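Within every chain, numbering begins at 1; the chains are lettered A, B, ... in the order of the sequence lines, protein sequences first and strands thereafter. All of these numbers come straight from a predicted model, not from anything done at the bench. For the numbers below, each heavy atom of this structure counts, side chains included, while hydrogens, waters and symmetry mates do not.
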There are 2 protein chains.
Amino acid sequence: MAVKKTSKEDILQNSIKLFKQNGYYNTSMANIASECGLIKGSIYHHFKSKDEIGLEALKFIHKYFEENIFKIAYKTNLDAKEKIKLFVKKTDEYFLNSEGGCLLGNLALELSNENVLFNDEIRLYFSAWEKALVNILKDKYNESESLELAKEYVALTQGSIMMMQLYSSTDSYLKVGKKLTSLL
Amino acid sequence: MAVKKTSKEDILQNSIKLFKQNGYYNTSMANIASECGLIKGSIYHHFKSKDEIGLEALKFIHKYFEENIFKIAYKTNLDAKEKIKLFVKKTDEYFLNSEGGCLLGNLALELSNENVLFNDEIRLYFSAWEKALVNILKDKYNESESLELAKEYVALTQGSIMMMQLYSSTDSYLKVGKKLTSLL
DNA sequence: GTCTATATCAAGATAGAC
DNA sequence: GTCTATCTTGATATAGAC
């Protein structure tokens with residue numbers, strides 16, 4: 001049987017899973033290694049520190065959202081109603097299958113404000129999310145209305161994910177997407 | 001100068017401050033002790049473990065909300081409009097002066113689902129919050145509408161606190177209270 | 001690329017002097 | 001009630017063999 005090489009992306013995916021479910025500080029390098037079928041020393045061949053894994057994990061998820069969700073807002077072959085429907089569909093697909101909720105949101109609350117690198121990345125993610133929504137909403141609303149609505153829906157989504165995790169119920173979360181869709 | 005005795009409440013207050021700002025796992029017994037002007041060993045005279053401090057901290061905040069905010073919903077000398085205004089005012093007073101946001105919300109996202117004791121307490125807090133809002137809203141809305149609105153506003157408040165922390169801006173947060181008030 | 005082994009440090013927690 | 005001192009464990013991280 002061939003020895004399986006562990007890629008950086010394998011480690012990132014496993015780290016993301018653990019960070020989401022157990023928190024960042026409560027996940028050790030040994031936990032990550034174990035999830036990858038390695039021992040902790042081996043992880044340092046791929047990443048130079050735990051913080052590097054954390055930051056790469058945030059960027060990895062941000063990139064996924066950019067390429068699979070946010071970009072829907074800028075498609076030219078869809079009208080606003082179609083865009084928002086697809087946007088909600090893809091967002092739901094992600095979060096309804098994401099045990100542990102939204103890593104970027106989780107870390108926004110877990111990390112102290114002094115963690116500048118992490119917080120910068122988290123802000124970029126949420127700003128891109130808001131901007132994408134604004135780009136869809138401005139079809140029907142003016143600039144400031146769109147921005148206000150976008151901010152409200154990002155916040156509502158995050159709060160609903162929190163409640164979804166806490167109560168293990170998707171009920172309230174699903175209403176957010178419906179409400180957003182009905183705006184257009 | 002008399003030696004100052006440290007009370008359990010002193011320790012709880014300092015712990016809450018640190019947990020909110022730096023997270024639960026990222027706050028050590030030494031950090032807590034230092035904030036109280038003690039060394040870590042001394043804390044164990046008052047609490048038998050860090051988890052006990054954490055759980056007591058959640059209960060302490062829950063009690064504060066019950067006695068200062070949630071109970072407004074059950075006052076008999078106010079009408080619904082007055083209740084919701086006071087409810088929002090007191091909620092704002094707390095969160096606008098709370099560096100680090102909402103500890104119960106923070107820990108809902110930081111802790112793994114296996115931490116049953118903590119999660120039970122957090123659920124009790126949010127359920128009490130929702131129930132209080134329902135009791136005010138049912139003046140104008142039916143039972144299921146009220147519950148849906150209550151759940152939405154608790155989630156929106158938590159999401160907005162997240163964004164308030166992340167962007168260090170109270171802007172979006174303040175709109176939540178206004179929106180809630182305008183429901184009655 | 002993964003392992004064994006280890007260095008170093010900080011964590012939670014306890015015992016006992018004052 | 002707080003201190004000094006210590007125990008034990010587990011954390012991040014590194015060096016070098018395979």
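- The stretch residues 114-122 of chain B has no heavy atom under 4.0 Å from DNA chain C, so no residue of it qualifies as close.
- The aromatic rings of B/Trp129 and B/Phe126 sit parallel, their planes meeting at an angle under 30°, below the 60° perpendicular limit.
- Close to C/dT2, at under 4.0 Å from its OP1 or OP2, lies a side-chain N or O of A/Thr6.
- B/Asn26 places its CG atom 12 Å from the C1' atom of C/dA10, with the value rounded to the nearest Å.
- Going from atom CD1 of B/Ile43 over to atom C1' of D/dG1 covers 11 Å, rounded to whole Å.
- Screening residues 89-111 of chain B for ring pair (Phe, Tyr, Trp, His ring centres under 6.0 Å), with sequence neighbours left out, gives B/Tyr64-B/Tyr94, B/Phe65-B/Tyr94, B/Phe65-B/Phe95.
- Every residue was checked against the side-chain hydrogen bond (donor to acceptor under 3.5 Å, both in side chains) condition with A/Lys40, not counting sequence neighbours, and none meets it.
- Atom-to-atom, CG of B/Asp10 to C1' of D/dG1 comes out at 13 Å; the value is rounded to the nearest Å.
- Scored by the salt bridge (charged side-chain N to carboxylate O under 4.0 Å, His left out) test, B/Glu56 finds no partners at all (sequence neighbours excluded).
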For this session: Applying salt bridge (charged side-chain N to carboxylate O under 4.0 Å, His left out), run through A/Lys75 and A/Glu82 and close with a yes or a no.
Result: CA-CA 10 Å; A/Lys75 279 182 178 285; A/Glu82 289 167 331; over 6 Å; no
Seminar exercise, completed: Readout for nucleotides 3-18 of chain D: B = base within 4.0 Å of protein heavy atom, S = sugar-phosphate only, - = neither; 5' to 3' it is BB------BBBB----
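- OP1 and OP2 of D/dT2 both lie 4.0 Å or more from every side-chain N or O belonging to B/His45.
- Contacts between residues 12-23 of chain B and DNA chain D, counted as heavy-atom distances below 4.0 Å, involve no residue at all.
- Sequence neighbours left out, the pairs with a member in residues 167-177 of chain A that pass side-chain hydrogen bond (donor to acceptor under 3.5 Å, both in side chains) are A/Asp92-A/Tyr173, A/Tyr167-B/Ser127.
- Every residue two or more places apart in sequence or in another chain was checked for a ring pair (Phe, Tyr, Trp, His ring centres under 6.0 Å) with B/Tyr141, and none qualifies.
- For the side-chain hydrogen bond (donor to acceptor under 3.5 Å, both in side chains) condition, the pairs that include at least one residue of residues 97-117 of chain A, sequence neighbours left out, are A/Lys20-A/Ser98.
- OP1 or OP2 of D/dT2 lies within a sub-4.0 Å distance of a side-chain N or O belonging to B/His46.
- The ring pair (Phe, Tyr, Trp, His ring centres under 6.0 Å) test applied to A/Tyr74 returns no partner, not counting sequence neighbours.
- The stretch residues 97-124 of chain A participates, sequence neighbours left out, in these ring pair (Phe, Tyr, Trp, His ring centres under 6.0 Å) pairs: A/Tyr24-A/Phe118.
- A/Val134 belongs to a hydrophobic cluster with A/Leu147, counting contacts under 4.5 Å between side-chain heavy atoms of Ile, Leu, Val, Met, Phe, Trp and Tyr, direct or through other members.
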